[in-house]
Amino acid sequence: MRLLVLGGTAFLGRALAHAGLERGHDVTCVARGRSGAVAPGVTLVRADRDDPSAGLGGVESDDWDAVVDVARDPGQVRRAVAALAGRAGHWGLVSTGNVYADHSVPGADESTPLLAPRDVGGEDPDAYGGAKVACEQAVLEGLGAGRTLVARAGLIGGPGDTSGRTGWWPWRFAHPAAPGRVLAPDALGDPTQVLDARDLAAWMVRCAETGTTGVVDAVGPTTTIGRLLAASREAAGSDAQAVPADPAWLAEQGVGPWMGPRSLPLWLPVAEYGGFAARTGEAARALGLTHRPLVETLRDTLAWEETRPADQPRRTGLDDADERALLEAWASRRDPSSARGSR
Ligand SMILES: NC(=O)c1ccc[n+]([C@@H]2O[C@H](COP(=O)([O-])OP(=O)(O)OC[C@H]3O[C@@H](n4cnc5c(N)ncnc54)[C@H](OP(=O)(O)O)[C@@H]3O)[C@@H](O)[C@H]2O)c1
C-alpha cells in the first residue's frame with residue numbers, strides 16, 4: 001500500500017508512519033520538518049500547509065492507497081482534501097473527543113452533540129474542538145463517508161508523548177521528590193483513559209488496508225486514577241506510596257489538573273469532565289481497535305522519559321522542591337503537631 005501521512009514528524013504522526021512501515025507499506029510524510037524527524041525508512045516531503053499557494057510538495061501528483069491527516073487547522077485540511085481526494089483511496093482523520101459539546105456523562109458515545117464548527121487554525125485551545133469539527137466536515141464532504149475514517153481520539157499516550165502527561169506518573173514513581181512519597185490527587189476513583197499511540201496508529205493503518213470507515217471515538221480502556229497510579233508504580237518498580245491530597249486544597253495551592261506546568265496530570269474536575277475520560281469507545285473496538293496493557297504503555301513511556309535530556313524542562317508536573325514543599329504542607333495541614341515538629 002502507498003500510505004501518505006500528512007504530519008509524521010511529531011508524536012502520533014511518527015507512530016502512524018512507523019506502523020505503516022511495520023506492516024510493509026511504502027510511507028511518505030508531508031511536514032515542514034520543524035517538529036522532529038520522520039521514522040527511519042520514511043520519505044519526508046517538506047511543505048508548509050499554511051501557505052495555500054505552495055501545495056503539498058508534489059504529493060498531489062501521485063496516487064495514494066491511503067492518506068492519514070493529523071492536522072487541526074480546517075484550512076489545511078480543506079486544501080489537502082481538494083488536492084488529494086481524487087487520488088486517495090481511503091482517508092483517515094485523527095480528530096479528538098474535544099469535538100463534543102458536553103463531557104459530563106460517563107459512558108457517552110458518538111451520539112453526543114458536537115460543538116459548532118470553527119474555521120480557526122493555530123494553537124488556541126478554546127478553538128481546538130470546533131476547529132476539529134470543521135476538519136471532520138471538510139473530510140466527510142470531500143471524500144464521502146464511504147472512504148473516510150474519523151478517529152476521535154481520547155488522551156493519547158506512550159513513548160514520545162512530549163506533553164509529559166503519560167510519562168509523569170511512572171517517572172515520578174521512579175524518581176520521587178520526597179523519599180517514598182508521591183503527591184497525588186485524592187481522586188483515586190475518578191475515571192481515566194489512556195490510548196497508546198502505537199495501538200491507535202496500528203489500528204488506523206489496518207483500517208486503511210481493509211477500507212474500514214466510520215466516525216468513532218478512539219479511546220483507551222476506562223480505568224481509574226487509582227489503578228493508573230498503581231500501574232505507574234509497578235512500571236517504575238517503585239516502593240513509593242501515593243499521598244492523596246484533597247483536590248480543592250491542591251487547587252488552593254495553585255496545582256492544576258490535567259496537564260501543564262504545576263499540574264498533577266490526567267485527573268479532571270468530575271462535575272464538568274466526569275465523562276471526558278470515560279467514553280464507551282465500543283464503536284471503535286467493534287472496528288478492531290485493540291489495546292496493550294496499561295502497564296506496558298507506562299513502562300515504555302518511562303523508558304522514553306529516561307532518555308530525555310535532564311536539562312529539558314518538563315511540560316507537565318511539579319518540580320522536586322515544589323512537590324516536597326506541597327507534601328510537607330499537606331502533612332502539616334492534616335497533623336498540626338507534625339508542622340510544629342518540622343519547623
Ligand atoms: N495528544 C493527545 O492526547 C491527543 C488527543 C486527541 C487527539 N489528538 C490529535 O492527535 C494528533 C496528534 O498529532 P501529532 O502527535 O503528530 O502532533 P501534532 O503536534 O498535532 O502534529 C502536527 C504535525 O503536523 C505538522 N505540521 C504542523 N504545521 C504544519 C504546517 N504548517 N505545514 C506542514 N506540516 C505542519 C507538524 O510537522 P512540522 O512541525 O515538522 O511541520 C507535525 O508533524 C492531532 O490530530 C491531535 O489533534 C491528540
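Counting convention: from 1, in listed order, for ligands and their atoms alike. Numbers for residues simply follow the sequence, beginning at 1.
- Checked against side-chain hydrogen bond (donor to acceptor under 3.5 Å, both in side chains), Glu209 has the following partners two or more places apart in sequence or in another chain: Arg23, His25.
- Side chains of Thr297 and Asp196: a donor on one and an acceptor on the other come within 3.5 Å.
- Summary of contacts: the protein heavy atom closest to atom 39 (O) of ligand 1 is Ser35 OG, 2.5 Å.
- Within the set Lys132, Arg165, Arg152, Glu123, the minimum heavy-atom distance to atom 1 (N) of ligand 1 is found for Arg165.
- Residues Pro247 and Trp267 share a closest heavy-atom pair of CB-CZ3, 3.5 Å.
- For atom 27 (C) of ligand 1, the nearest non-hydrogen atom of the protein is Arg32 NH2, 3.5 Å.
- Scanning all protein heavy atoms for the shortest distance to atom 16 (O) of ligand 1 gives Gly13 N, 2.9 Å.
- Although no hydrogens or angles enter the test, the distance criterion places a donor-acceptor pair under 3.5 Å between the side chain of Arg2 and the main chain of Asp63.
- In this structure, Trp304 has its ring center no closer than 6.0 Å to that of Phe11.
- A distance-only check finds no donor-acceptor pair linking the side chain of Arg315 to the backbone of Gly260 [under 3.5 Å].
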- His90 vs Thr213, side-chain contact (heavy atoms from CB on, under 4.5 Å): CA-CA, chis, key distance, verdict: CA-CA 8 Å; His90 185 270; Thr213 58; 4.1 Å; yes
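- Side chain of Trp171 to main chain of Gly164: no donor-acceptor pair is present (N/O by atom type, distance under 3.5 Å, no hydrogens or angles).
- Heavy atoms from both the backbone and the side chain of Arg34 come within less than 4.0 Å of ligand 1.
- Using 4.0 Å as the threshold, Ser95 has a heavy atom nearer than that to some atom of ligand 1.
- Proximity of Ala47 to ligand 1, defined as any heavy-atom pair under 4.0 Å, is confined to the backbone N, CA, C and O atoms.
- Among protein heavy atoms, atom 42 (C) of ligand 1 sits closest to Thr9 OG1, 3.5 Å.
- Protein heavy atom in closest approach to atom 20 (O) of ligand 1: Arg72 NH2, 2.7 Å.
- Considering each of Asp73, Val68, Val5, Val70, the one bringing a non-hydrogen atom nearest atom 13 (O) of ligand 1 is Val70.
- Polar contact with ligand 1: present for Ile156 (N/O pair, distance under 3.5 Å).
- Heavy-atom proximity to Val94, at under 4.0 Å, picks out these atoms of ligand 1: 9 (C), 10 (O), 11 (C), 45 (O).
- Salt bridge status for Glu60 with Arg79: absent, with no side-chain N to carboxylate O gap under 4.0 Å.
- Every atom of ligand 1 is numbered from 1 in the order shown, and the set under 4.0 Å from a heavy atom of Tyr128 is 7 (C), 8 (N), 9 (C), 46 (C), 47 (O).
- Among pairs with a residue in residues 193-249, those fulfilling ring pair (Phe, Tyr, Trp, His ring centres under 6.0 Å) read Trp249-Trp330, at least two apart in sequence or across chains.
- Each of the atoms 6 (C), 7 (C) of ligand 1 lies under 4.0 Å from some heavy atom of Thr96.
- The pair Arg172-Asp320 meets the salt-bridge criterion, since a charged nitrogen lies less than 4.0 angstrom from a carboxylate oxygen.
- Atoms of ligand 1 found under 4.0 Å from any heavy atom of Gly8 (numbered from 1 in listed order, with element): 43 (O).
- A side-chain donor-acceptor contact under 3.5 Å links Thr166 to the backbone of Gly158.
- Taking every heavy atom of both residues into account, Met1 and Val205 meet most closely at CE-O, 4.2 Å.
- Nearest non-hydrogen protein atom to atom 12 (C) of ligand 1 is Leu12 CB, 3.9 Å.
- Near Asp50, meaning under 4.0 Å from any of its heavy atoms, are these atoms of ligand 1: 31 (N).
- Here the heavy atom of the protein found nearest to atom 6 (C) of ligand 1 is Ala153 O, 3.2 Å.
- Looking from atom 21 (O) of ligand 1 to the surrounding protein, the closest heavy atom is Ala10 CB, 3.8 Å.
- Residue contacts with ligand 1, taken as heavy atom pairs separated by less than 4.0 Å, do not involve Arg14 at all.
- Assignment of Ala15 to the shell around ligand 1 is not supported, since no heavy atom sits closer than 4.0 Å.
- At least one heavy atom of Gly33 sits closer than 4.0 Å to an atom of ligand 1.
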